[in-house]
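Working notes for the structure below.
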Amino acid sequence: HEHLGAYSIIGVKMGLRAAELLNAPQHEMTIASSAPAAQPVSCLNDGLLVATGSTPGRGLFSHSPGPPGTVEAAFAYNGRSVTLRLKKAYQERIRTTIQALLTHTTLEDDAYWQGVRELGLDIWQNWHRRELFEQVLPELENPGTRRKP
C-alpha cells in the first residue's frame, strides 16, 4: 500500500470487528466490499484483506463499488453474516481532516503524507472498533407488497 492512511486502518478495524462478531478465524470469512473504487475510500479494501486474510485468490473477497459515501462490507462465516458500515460521524471526521491537509499541502508534499499517517495512527490508537461501525440490518420487505405463496 506504501503509506499508512485512514481508510486502510478503518478496513483493518472493520475486518477485526467482523471476525469478532462471527467468531471467524483467519482465511475463512467471505467478504463483499461496497467501498467506492476511488481513493482514499477504496483503501478500505487493503485493510480488510490484511486483517482477515480473506483474499480474492482464495475466493473469499469480492468488491462491487457502491455509491460515494458507502463505507461498508458484508461478511459471512459458518452460516452467519453481518454487514458493517462506518458511521457518518467518523466519515466526516476523516473528510474534514483530509480537506484541512489539502488547504496547505498537495499530494506531492511530504507534509500531506505525514498528516495522513498521523490521522491513520490516531484512528488505530484512539478510535475503538466497537464504536466505529453500525450493523446494517437487512431491508425488510414492505408488507403492502408481500407476494402470496
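We count residues from 1, following the sequence as given.
- Here the side chain of S54 pairs a donor or acceptor atom with the backbone of M29 at under 3.5 angstrom.
- At least one donor-acceptor pair closer than 3.5 Å links the side chain of T105 to the backbone N or O of L101.
- In this structure, the side chain of T103 engages the main chain of A100 through a donor-acceptor pair within 3.5 Å.
- The two residues W124 and L16 have their closest heavy-atom pair at CH2-CD1, 4.3 Å.
- Between the side chain of K87 and the main chain of E131, a donor-acceptor pair closer than 3.5 Å is present.
- Here the closest heavy-atom approach between residue A37 and residue S42 is recorded as O-CB, 3.4 Å.
- Side-chain atoms of Q135 do not come within 3.5 Å of backbone N or O of V82 as any donor-acceptor pair.
- Residue R80 holds its CZ atom at 5.5 Å from CG of L22, rounded to the nearest 0.5 Å.
- Across every non-hydrogen atom of A35 and N45, the tightest pair is CB-OD1, 4.2 Å.
- The backbone N or O of H128 sits nowhere less than 3.5 Å from a side-chain atom of K13 that would complete a donor-acceptor pair.
- Here the straight-line distance linking atom CG of L48 with atom CD1 of I10 works out to 10.5 Å at 0.5 Å rounding.
- Atom CH2 of W113 has more than 12 neighbouring heavy atoms from other residues, nucleotides or ligands inside a 6.0 Å radius.
- Between H104 and Y112 the shortest side-chain heavy-atom distance does not fall below 4.5 Å.
- Checking Q99 against R95 by side-chain atom types alone, a donor-acceptor pair falls below 3.5 Å.
- Using a 4.5 Å cut-off on side-chain heavy atoms (C-beta onward), F75 and T83 make no contact.
- Using a 4.5 Å cut-off on side-chain heavy atoms (C-beta onward), V50 and D46 make no contact.
- Other residues, nucleotides and ligands place no more than 12 heavy atoms under 6.0 Å from the CG atom of N23.
- Under the ring pair (Phe, Tyr, Trp, His ring centres under 6.0 Å) criterion, Y77 pairs with no residue at all, not counting sequence neighbours.
- Considering all non-hydrogen atoms of both residues, V41 and P36 come closest at CG1-CD, 3.6 Å.
- Inter-residue side-chain proximity for F61 and T30 is flagged as unmet; no heavy-atom pair is nearer than 4.5 Å.
- To the nearest 0.5 Å, atoms CD (E118) and CG (L121) are separated by 8.0 Å.
- Between atom CZ of residue R117 and atom CD1 of residue I9 there is a gap of 9.0 Å, rounded to the nearest 0.5 Å.
- With rounding to the nearest 0.5 Å, the separation of CD1 in I123 from OH in Y7 is 8.0 Å.
- H63 has its side chain within reach of P65: a pair of non-hydrogen atoms, C-beta onward, lies under 4.5 Å apart.
- The hydrophobic cluster containing L21 does not contain L60, counting ILVMFWY residues as joined when their side-chain heavy atoms lie under 4.5 angstrom apart, directly or transitively.
- When side chains are defined from C-beta on, E92 does not count as touching K88, because their heavy atoms never get closer than 4.5 Å.
- Distance check, rounded to the nearest 0.5 Å: CG of L84 to CZ of R129 gives 11.5 Å.
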